[in-house]
Enquirer: 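Here's a structure for you.
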Amino acid sequence: MDELGALFHGFNEVLSWYNLGMMFVGLVLGVIIGVLPGLGGPNGVAILLPLTFTMPPTSAIIMLSCIYWGSLFAGAITSILFNIPGETSSVATTFDGYPLAQQGKAGNALTASFTGSFVGALSGVLLITFLAPLVSRFALQFGPPEFFAVFLLTFCSFVGTDKKTPFKTVISMMLGFGLAAIGMDTVSGGLRMTFGWSELLRGVDFLVVVIGLFGIGEILVSMEEGLRFEGKSGKINLNVVLQTWKQMPKYWMTLIRSTVVGCWMGVTPGGATAASFMGYGLAQRFSRRGHKFGTGEIEGVIAPETAAHASGTSALLPMLALGIPGSATAAVLLGGLMIWGLQPGPLLFVEQKDFVWALIASMYLGNFVGLILVLSTVPLFAAILRIPFAIVAPIIIVVCAIGAYSVHNAMLDVWFMLLFGIIGYVLKKLSYPLAPMILALVLGDRMEDAFRQAMLGPGTGLHIFWSNSLVGSITTLALLMLFWPLIAFLWRVLRGKPGNNGPEGDAPKTHAGVVNK
Amino acid sequence: MEQQQSPVRRSRGLSYSAVDAWTAVVVFIVGVVMMVDNYRIGVTWASDGPEAGYFPYHVGMILCIASVAVFIKSLFGKHRNTEIFVTWERFRLVLMVLIPTALYVLVIQLVGIYVASALFIGAFMRVLGKIRWLKTALISIGVTVLLFWMFEVQFMVPLPKGPLEALFGY
């Protein structure tokens with residue numbers, strides 16, 4: 001058991017006062033960030049990233065990943081108490097969480113959702129502990145063509161899993177690639193799309209884009225909705241916690257189902273939001289009390305939260321093992337790795353052993369401490385939402401501006417932040433997905449490098465991507481994912497023709513209904 | 001925006017599908033610009049593999065194709081959303097944040113980020129939140145001092161400073 005030994009070594013590293021302090025700071029900040037409108041996982045991490053440039057990488061990643069866990073926990077607080085999802089991944093939690101709060105059972109709902117989150121996260125970390133080293137070892141034999149194929153698979157599955165707006169996903173992704181290509185070309189050293197503007201030489205930093213899109217854009221959207229928070233009281237005492245924990249084992253099936261869904265959606269870049277909806281939909285379908293969902297069922301809170309947290313955690317698996325993040329926040333963390341001078345990819349497990357295992361160990365500890373923290377201090381954090389928006393909004397904007405400036409000490413970046421805020425506002429209202437853009441922006445250069453390195457030398461062409469069975473099968477799988485909606489549609493048309501009023505005609509409809517809900 | 005003149009009760013404006021179509025047009029233009037600029041650099045296969053413009057050129061091409069698809073869907077699609085994208089009253093709220101923020105960024109360049117932040121937070125609270133003077137002053141100055149302590153003293157991140165900070169010797 002190599003992994004266990006390495007893990008204990010990691011715990012050793014984490015259990016220093018400095019690192020524990022960073023973990024605590026990260027968790028508290030994360031919960032605050034998650035509760036506040038306009039600040040969430042991706043941009044919270046992005047704003048604080050410049051502060052960590054001078055820290056040791058291990059402490060920095062512990063703090064930033066704990067912000068991520070904290071913000072995931074916090075999503076449930078606002079959903080249940082205020083009927084406002086603090087994170088998009090907790091939209092499904094409002095369906096049953098808020099009715100429970102209205103019935104005066106907010107404490108039970110919160111306890112259940114936090115505990116579910118913890119179970120989901122723990123499973124995600126276990127998965128990372130035992131699977132990530134295997135994946136990275138396997139990926140060590142990857143060359144540039146294989147890497148390009150894996151990148152391709154990542155992006156194609158984004159498009160393929162988007163049932164409603166595949167073209168908008170494509171646009172969002174391609175805008176990200178385009179932004180990544182601005183500036184100096186890494187292979188030839190030539191300038192691309194700078195239009196004679198020397199300030200564009202260094203390109204558009206993804207941190208600035210994240211802060212603009214998610215921070216300023218979110219503020220504009222919530223301003224338009226005219227926020228007025230009327231929350232339920234979120235008192236939790238030990239009695240309620242113990243009482244809820246006694247009920248939890250009853251829902252073991254839901255927990256397992258949501259965990260599996262979440263882990264799957266996290267490793268493939270389906271994202272926490274899709275995972276939470278799927279977890280909720282599946283629980284509704286298979287639960288004996290499914291017809292009561294939406295009126296305040298504990299199960300309806302556990303299912304989405306467990307799935308969201310499992311997915312958020314396991315999104316770090318491909319990031320650590322392959323250098324391909326599974327979510328927007330993971331993408332920002334990956335950007336952080338590059339800034340701290342670590343080379344993401346399968347070699348990370350070999351070259352930066354201490355760093356990786358300290359991070360994994362901190363994930364066990366961070367989620368446990370996070371659970372205790374949120375259970376004991378919910379009313380405190382809920383009070384933050386009662387501060388008038390006119391005070392919170394300008395402070396968030398100021399913090400965003402400082403974050404954007406400190407990336408490169410450039411005033412232009414602050415203007416870019418504003419521009420991307422407006423873009424984010426429009427795109428969000430038109431339901432463009434923003435996570436693919438961030439992923440494409442962070443990975444764009446590396447994907448292009450992989451492509452061009454695969455193409456080096458004479459006699460190359462696209463056939464390289466089918467040159468051996470490994471790269472061939474990944475590429476084929478990617479194309480299959482990309483055209484999946486089309487294939488499914490053609491399949492339905494072909495099958496539907498003979499017996500349109502048969503039972504097969506109905507099946508896809510109900511399925512789509514569950515997923516889209 | 002022409003909605004400005006229209007009376008409040010008849011709030012007209014662009015529908016969701018119209019904004020969708022316009023966005024698609026903008027994306028299409030972005031795609032064309034990308035294609036043209038990268039065509040200049042070279043998009044063909046050189047002796048040592050693809051040239052520098054190859055990748056972004058094709059990204060631009062996919063952008064154009066996808067934007068046409070979105071454009072067609074937004075104008076002729078079955079599930080067009082004909083609701084108003086944003087009513088004037090609501091857009092006014094958005095502008096009430098957006099314009100001061102733009103001014104704030106402008107002021108940063110003149111007097112440094114700390115003074116600008118204190119002014120921005122204060123003005124925002126006073127004008128939009130109608131919060132009492134004392135509370136406004138305490139919060140805006142307190143937050144700014146806290147930020148100064150955190151960035152300038154603790155983490156030593158240099159942020160733009162103006163004449164006031166110079167007075168204190170920073």
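No experiment lies behind these values; they were computed from the predicted model shown. Below, read A as the first sequence line, B as the second, and so on, with proteins coming before strands; counting in each chain starts at 1. Values reported hereafter were calculated over all heavy atoms of this structure, with side chains retained and with hydrogens, waters and symmetry mates removed.
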Enquirer: So, using side-chain hydrogen bond (donor to acceptor under 3.5 Å, both in side chains) as the criterion, who are the partners of A:Arg452 when residues are at least two apart?
Expert: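 Result, side-chain hydrogen bond (donor to acceptor under 3.5 Å, both in side chains) vs A:Arg452: A:Asp185, A:Glu448.
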Enquirer: Under 4.5 Å, counting heavy-atom pairs only, tell me which of A:Ile422, A:Val399, A:Ile402 racks up the most with chain B.
Expert: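 The candidate making the most pairs under 4.5 Å is A:Ile402.
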Enquirer: Nearest heavy-atom pair of A:Met417 and A:Ala404: which atoms, and what distance?
Expert: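 For A:Met417 versus A:Ala404, the nearest heavy atoms are SD-CB, 3.9 Å.
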Enquirer: Given heavy-atom pairs under 4.5 angstrom as the criterion, report whether the side chain, backbone, both or neither of B:Val27 touches chain A.
Expert: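 Side chain only.
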Enquirer: Run the numbers on A:Ile396 and A:Glu218 for side-chain contact (heavy atoms from CB on, under 4.5 Å), then give the verdict.
Expert: CA-CA 11 Å; A:Ile396 294 176; A:Glu218 192 76 40; over 6 Å; no
Enquirer: Between B:Ala69, B:Pro160, B:Pro56, which has the largest tally of heavy atom pairs under 4.5 Å with chain A?
Expert: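 Going by pairs under 4.5 Å, I would pick B:Pro160.
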Enquirer: What residues form a ring-ring contact (aromatic ring centres under 6.0 Å, His included) with B:Phe85, not counting sequence neighbours?
Expert: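 Here the qualifying residues are B:Tyr16.
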Enquirer: Output the option from A:Met411, A:Lys168, A:Met174, A:Gln453 having the highest count of non-hydrogen pairs under 4.5 Å with chain B.
Expert: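 Option with the greatest count: A:Met174.
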Enquirer: Parallel, tilted or perpendicular for A:Phe451 and B:Tyr54, by the 30°/60° rule?
Expert: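 Ring orientation of A:Phe451 relative to B:Tyr54: parallel.
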Enquirer: With sequence neighbours excluded, give me every side chain to side chain donor-acceptor pair (under 3.5 Å) pair touching residues 105-128 of chain B.
Expert: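 Every pair satisfying side chain to side chain donor-acceptor pair (under 3.5 Å) with a residue in residues 105-128 of chain B: B:Tyr104-B:Ser117, B:Tyr114-B:Glu152.
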Enquirer: Give, as side chain, backbone, both or neither, the part of A:Met173 having an atom under 4.5 angstrom from any heavy atom of chain B.
Expert: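 Nothing of A:Met173, per the 4.5 Å heavy-atom cut-off to chain B.
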Enquirer: Pick whichever of B:Ile131, B:Leu128, B:Val70 has the most heavy-atom pairs under 4.5 Å with chain A.
Expert: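 Going by pairs under 4.5 Å, I would pick B:Val70.
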Enquirer: Carefully, step by step, assess B:Ile113 and A:Val414 under the rule side-chain contact (heavy atoms from CB on, under 4.5 Å).
Expert: CA-CA 11 Å; B:Ile113 205 162; A:Val414 185; over 6 Å; no
Enquirer: What's the shortest heavy-atom distance between A:Cys156 and A:Ala478, and which atoms?
Expert: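 Looking at all heavy atoms of both residues, the closest pair is CB-O, 3.2 Å.
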Enquirer: For B:Leu159, is it the side chain, the backbone, both or neither that has a heavy atom under 4.5 Å from a heavy atom of chain A?
Expert: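 For B:Leu159, backbone and side chain are both near chain A.
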Enquirer: Mark yes when over 12 heavy atoms from residues, nucleotides or ligands other than A:Trp415 sit less than 6.0 Å from its CH2; otherwise mark no.
Expert: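 Yes, the 6.0 Å shell around CH2 holds more than 12 heavy atoms from other groups.
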Enquirer: Please work out whether the ring planes of A:Phe416 and A:Phe420 are parallel, tilted or perpendicular, with thresholds of 30° and 60°.
Expert: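 Tilted, since the angle between the ring planes falls between 30° and 60°.
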Enquirer: Would you indicate whether the side-chain heavy atoms of B:Phe120 and B:Val105 approach each other to under 4.5 Å?
Expert: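 Side-chain contact under 4.5 Å: no.
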Enquirer: Is it the side chain or the backbone of B:Asp20 that comes within 4.5 Å of chain A heavy atoms, both, or neither?
Expert: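 When you check distances to chain A, atoms from both the backbone and side chain of B:Asp20 fall under 4.5 Å.
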Enquirer: Please flag which part of B:Ala102 lies under 4.5 Å from any non-hydrogen atom of chain A: side chain, backbone, both or neither.
Expert: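 Contact with chain A involves both backbone and side-chain atoms of B:Ala102.
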Enquirer: With a 4.5 Å cut-off on side-chain heavy atoms, are A:Leu48 and A:Ile33 touching?
Expert: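 Touching, per the 4.5 Å side-chain cut-off.
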Enquirer: Quick check on B:Lys73 against chain A: is it the side chain, the backbone, both or neither that has a heavy atom closer than 4.5 Å?
Expert: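 When you check distances to chain A, only side chain atoms of B:Lys73 fall under 4.5 Å.
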Enquirer: Under 4.5 Å, heavy atom to heavy atom: which of residues 136-146 of chain B reach chain A? Give them by number, or say none.
Expert: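 Within residues 136-146 of chain B, near chain A: B:Ile139, B:Val143.
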Enquirer: May I ask you to name which of B:Val127, B:Val33, B:Ile41, B:Leu95 has the most heavy-atom pairs under 4.5 Å with chain A?
Expert: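 Option with the greatest count: B:Ile41.
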Enquirer: Under 4.5 Å from any heavy atom of chain B, what part of A:Leu175 do you find: side chain, backbone, both or neither?
Expert: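 It is both, since atoms from each part get that close.
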Enquirer: Counting heavy-atom pairs closer than 4.5 Å to chain A, which one of B:Asp37, B:Thr101, B:Thr23 comes out on top?
Expert: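 When all of B:Asp37, B:Thr101, B:Thr23 are compared, B:Asp37 has the most.
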Enquirer: Report the C-alpha separation of A:Arg446 and A:Phe151 in whole Å, then their side-chain angles, then the decisive distance to 0.1 Å, and conclude whether the side-chain contact (heavy atoms from CB on, under 4.5 Å) test is met.
Expert: CA-CA 9 Å; A:Arg446 288 176 51 221; A:Phe151 283 126; 4.0 Å; yes
Enquirer: What's the verdict on side-chain contact (heavy atoms from CB on, under 4.5 Å) for A:Ile32 and A:Val28, showing C-alpha distance, side-chain angles and the deciding distance?
Expert: CA-CA 6 Å; A:Ile32 294 175; A:Val28 174; 4.1 Å; yes
Enquirer: Relative to chain A, which segment of B:Ile65 carries a heavy atom at a distance below 4.5 Å: side chain, backbone, both, or neither?
Expert: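 The answer is neither part of B:Ile65.
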Enquirer: Checking heavy atoms, do the side chain of A:Leu418, its backbone, both or neither come under 4.5 Å from chain B?
Expert: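 It is the side chain, since no backbone atom gets that close.
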Enquirer: Quick one: what part of A:Ile182 sits under 4.5 Å from any heavy atom of chain B, side chain, backbone, both or neither?
Expert: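 Contact with chain B is absent: no heavy atom of A:Ile182 under 4.5 Å.
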Enquirer: So what's closer than 4.5 Å to chain A heavy atoms on B:Met150: side chain, backbone, both or neither?
Expert: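 Just the side chain, heavy atoms under 4.5 Å.
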